[in-house]
Structure formats: structure tokens, C-alpha cells
Amino acid sequence: MGLRRIFSGLCLLAFPAMMWGQAPAVPGTTDEEHLKSHHDRPVNFGVKGGFTSSLFLVSNFSVNGVAIDEVQNNYKIGYFGSLFIRTNFDRHFLQPEISYNVNRCNITFEKPLPEGAPAGTVPAEASITSSIHSIDIPVIYGYNFIKEGPYSLAAFGGPKIRYIWDKKSEVTFERFDQLNIREELRPLNLSFTVGIAVTISRIFFDFRYDIGLHNISKRVTYETPANNPADGSGSNNEIRFHRRDNVLSFSLGVFF
């Protein structure tokens, strides 16, 4: 229900903007020249919003001292909103942005069986679910392969600095043997963004993929159950992994 309301809101916002961007221009008037030269302005401002789908890439993953080699990624929908400024150089442009993101992802895997488990025992399934709130600052360079009047098709790429808001973010560990598990995330992270954009007058559609460049997990802390005398540092009770979050996103935006 929440996603339907968000999508409906984006559609309601986009419709009047599209009508405004597609207002008819009378040939030979200043309106026609304004429409044609919109993308030739030295500087454009804009806003955009959309949806994300995150991929939890995990490596060096072990639970209770046993390596986990097979992990199932289950996609969850997140969302974001952005402000940006674009500086145009003929067919080239430079676009710094600032956005607030909520990225959600989930992985499931089969827990390793304990030593001495009877033959034919079916492994239990455990999962890790993330809802990560962040402030992202990408700096995008783009090139318009097509730039004819109010229409353009561009490819772009560039680095992105990501600040993870730890107090708002939530990571849930389900069906683990340990208690009170908590993952501490690195607050500052770096990724690289690539994508394409289609523009029609003041309206554009933006498809991009953010590639995480390093491990964002700082440490995992937990408590050992009372019936297990080993402390949390023993290899038989450990949870270890590295993670990188890659994010696919779609957005709808408007220039001002």
C-alpha cells in the first residue's frame, strides 16, 4: 500500500510537469526558441525521485566457523529523492547531486549443520535483511549522443560519496544461533555510478547502476547463548562477512 501511494504521488507530480514541458510552441515566436534552446542553457537545476533495487554482495562469509558459499539475493524496493545542478558544455555536462536514499535488500542461506547431525537432516534457513538510510553525493559526467531540440539521449558515469545514517538504518539477523546480533556499518563509503538518461523537454527518465567499491561492514557483534559456554570470539560461534551494496535505480525528474 505504501509503494502504491508513493508511485501515485510521483505520477501526479510528473503529469503537470510533462504537460508544462510539452506546452505547444507557436512557430517563429520566442516560445519556440525557448523550447529548442532549453538543453543549451549553461546551467540547469532540477529535482528527481524514484525507486531502487539493491543487491547485497557478500564475500568471506562464515557462520559458526563454516564458510557459506551459496547465498540467495531477494530484491526489495527502496526509494529516493534528489536535487541536482547541471552545467552544460555543448554535448557534455557535469552534474553534482545530493539525495536521500532508503535502500532495502535481503539474503537467505542454509545454516551449516552442527557436528554429529543425523544423516538426512535438512539445514535450517537464516536471513539478513537491511534497510539502509543514506545521504548520497554523486558527481556525474555525461555525454549526449542525441541532442536535437528538446530531445536528448545521454550516457553518464562518475564517483559517489555515500554517508550511511546508522541511527536510521536497520539490519536484522533472523534464525541465527547467536543473540542480539548487530552489524556496524562504515559511515562513509565510495561507489561508482553508470547509467543512461532520456530527456523530453524538461522531463527526463534516468536509469543507473551504482557499483560499491569496498566493504561497508565494519564489524558484527553478538552474544553467545547461555547454553554455549564459548565466548563470542571463538571460531565455532563467529559471524563474519564482507558486503558491498550494488544498487539499480530508476527515476523521473524535471528541469527548472
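Predicted model, so just to flag it, every value in this text is computed and none were measured.
Through direct or indirect side-chain contacts shorter than 4.5 Å among Ile, Leu, Val, Met, Phe, Trp and Tyr, Phe45 is connected to Val43, Ile85. Through side-chain heavy atoms spaced under 4.5 Å, either directly or across other Ile, Leu, Val, Met, Phe, Trp or Tyr residues, Ile146 is tied to Leu153, Val198.
Ring to ring, Phe256 and Phe84 are not that close: their centroids are 6.0 angstrom or more apart.
A salt bridge (charged side-chain N to carboxylate O under 4.0 Å, His left out) with Glu97 holds for exactly one of Arg86, Arg208, Arg162; it is Arg208.
Distance check: Phe204 CZ to Leu252 CG gives 7.5 Å after rounding to the nearest 0.5 Å. The OG atom of Ser53 sits 9.5 Å away from atom CG of Asn103, with the distance rounded to the nearest 0.5 Å. To the nearest 0.5 Å, atom CD1 of residue Ile98 and atom CG of residue Asp136 are 9.5 Å apart. Taken from CD1 in Ile132 to CD1 in Ile216, the straight-line distance is 4.5 Å, to the nearest 0.5 Å. Atoms OH and CG, from Tyr222 and Asn180 in turn, are 13.0 Å apart once rounded to the nearest 0.5 Å. In this structure, Phe255 CZ and Ser201 OG are separated by 10.0 Å, a value rounded to the nearest 0.5 Å.
No side-chain heavy atom of Thr221 sits under 4.5 Å from any side-chain heavy atom of Ile181. Looking at heavy atoms from C-beta onward, Asp206 lies in side-chain contact with Lys48 at the 4.5 angstrom threshold. In this structure the side chain of Pro112 reaches within 4.5 angstrom of the side chain of Ile68, judged on heavy atoms. A heavy-atom distance below 4.5 Å is found between the side chains of Asn64 and Gln178. With a 4.5 Å cut-off on side-chain heavy atoms, Ser217 and His242 do not count as touching.
Residues Ile161 and Ile135 fall into different hydrophobic clusters, defined by Ile, Leu, Val, Met, Phe, Trp and Tyr side chains chained together at heavy-atom separations under 4.5 Å. At a threshold of 4.5 Å between side-chain heavy atoms, the hydrophobic network of Ile, Leu, Val, Met, Phe, Trp and Tyr places Phe80 and Val247 in two separate groups. Both Ile211 and Leu55 belong to a single network of hydrophobic side chains, linked directly or stepwise wherever heavy atoms of I, L, V, M, F, W or Y lie under 4.5 Å apart. In the hydrophobic cluster analysis, where Ile, Leu, Val, Met, Phe, Trp and Tyr join through side-chain heavy atoms closer than 4.5 angstrom, Leu94 is grouped apart from Ile140. A continuous path of ILVMFWY side-chain contacts below 4.5 Å connects Phe241 to Phe109, so both sit in one hydrophobic cluster.
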Problem - Steps toward side chain to side chain donor-acceptor pair (under 3.5 Å) verdict (Asn246, Tyr209) - result: CA-CA 7 Å; Asn246 287 10; Tyr209 190 66; 3.2 Å; yes

Practice task
For the pair Arg104 and Ile77, evaluate side chain to side chain contact (heavy atoms under 4.5 Å, CB included) and give the outcome as yes or no after the intermediate values.
Solution key: CA-CA 6 Å; Arg104 298 189 173 109; Ile77 301 300; over 6 Å; no

Problem - Derivation of the ring pair (Phe, Tyr, Trp, His ring centres under 6.0 Å) call for Phe93 and Tyr143 - result: CA-CA 6 Å; Phe93 62 86; Tyr143 179 79; 9.1 Å; no

Practice task
Please assess Asn88 against Asn44 for the test side chain to side chain donor-acceptor pair (under 3.5 Å), listing each intermediate value before the final yes or no.
Solution key: CA-CA 8 Å; Asn88 297 295; Asn44 295 118; 2.8 Å; yes

Exercise for the section: Tell me, with the steps shown, if Thr172 and Ile128 meet side chain to side chain contact (heavy atoms under 4.5 Å, CB included). Expected result: CA-CA 6 Å; Thr172 304; Ile128 304 174; over 6 Å; no

Practice task
Check the pair Glu183, Arg243 against salt bridge (Lys or Arg N to Asp or Glu O under 4.0 Å), reporting the backbone distance first and the verdict last.
Solution key: CA-CA 11 Å; Glu183 181 186 10; Arg243 67 181 291 184; 2.9 Å; yes

Exercise for the section: Show your reasoning for whether ring pair (Phe, Tyr, Trp, His ring centres under 6.0 Å) applies to Phe207 and Phe156. Expected result: CA-CA 10 Å; Phe207 302 87; Phe156 57 83; 9.9 Å; no

Exercise for the section: Please step through side chain to side chain contact (heavy atoms under 4.5 Å, CB included) for the pair Ser134 and Trp165, ending with a clear verdict. Expected result: CA-CA 5 Å; Ser134 66; Trp165 192 351; over 6 Å; no

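Remark: the backbone N or O of Leu190 is paired with a side-chain donor or acceptor of His214 at under 3.5 angstrom. Looking at Ser169, its side chain does come within 3.5 Å of a backbone N or O of His133 through a donor-acceptor pair. Between the side chain of Lys147 and the backbone N or O of His92 there is no donor-acceptor pair closer than 3.5 Å. A donor-acceptor distance shorter than 3.5 angstrom exists from the side chain of Arg244 to the backbone of Gly212, with no hydrogens or angles considered.
Here the closest non-hydrogen pair linking Asn144 and Ala154 is OD1-CB, 3.4 Å. The heavy-atom pair separating Tyr75 from Ser54 by the smallest distance is CD2-O, 3.6 Å. Taking every heavy atom of both residues into account, Gly157 and Phe192 meet most closely at C-CZ, 4.3 Å. The minimum heavy-atom distance between Phe145 and Ala155, with the atom names listed, is CE1-CB, 3.4 Å. Closest heavy-atom contact between Ile200 and Tyr151: CG2-CE2, 3.5 Å.
Between the side chains of Ser191 and Asp210, not a single donor N or O lies within less than 3.5 Å of an accepting N or O. For Ser99 and Asn101, the side-chain atoms include at least one donor-acceptor pair closer than 3.5 Å.
The side-chain hydrogen bond (donor to acceptor under 3.5 Å, both in side chains) test applied to Thr129 returns Asn106, not counting sequence neighbours. Qualifying side-chain hydrogen bond (donor to acceptor under 3.5 Å, both in side chains) partners for Ser131, counting only residues two or more places apart in sequence or in other chains: none. In this view, Phe173 and Phe176 satisfy the ring-ring contact (aromatic ring centres under 6.0 Å, His included) rule, not counting sequence neighbours.
The stretch residues 167-178 participates, sequence neighbours left out, in these salt bridge (charged side-chain N to carboxylate O under 4.0 Å, His left out) pairs: Lys111-Asp177.
Classification of Asp166 and Arg186 as a salt-bridged pair fails, no side-chain N sitting under 4.0 Å from a carboxylate O.
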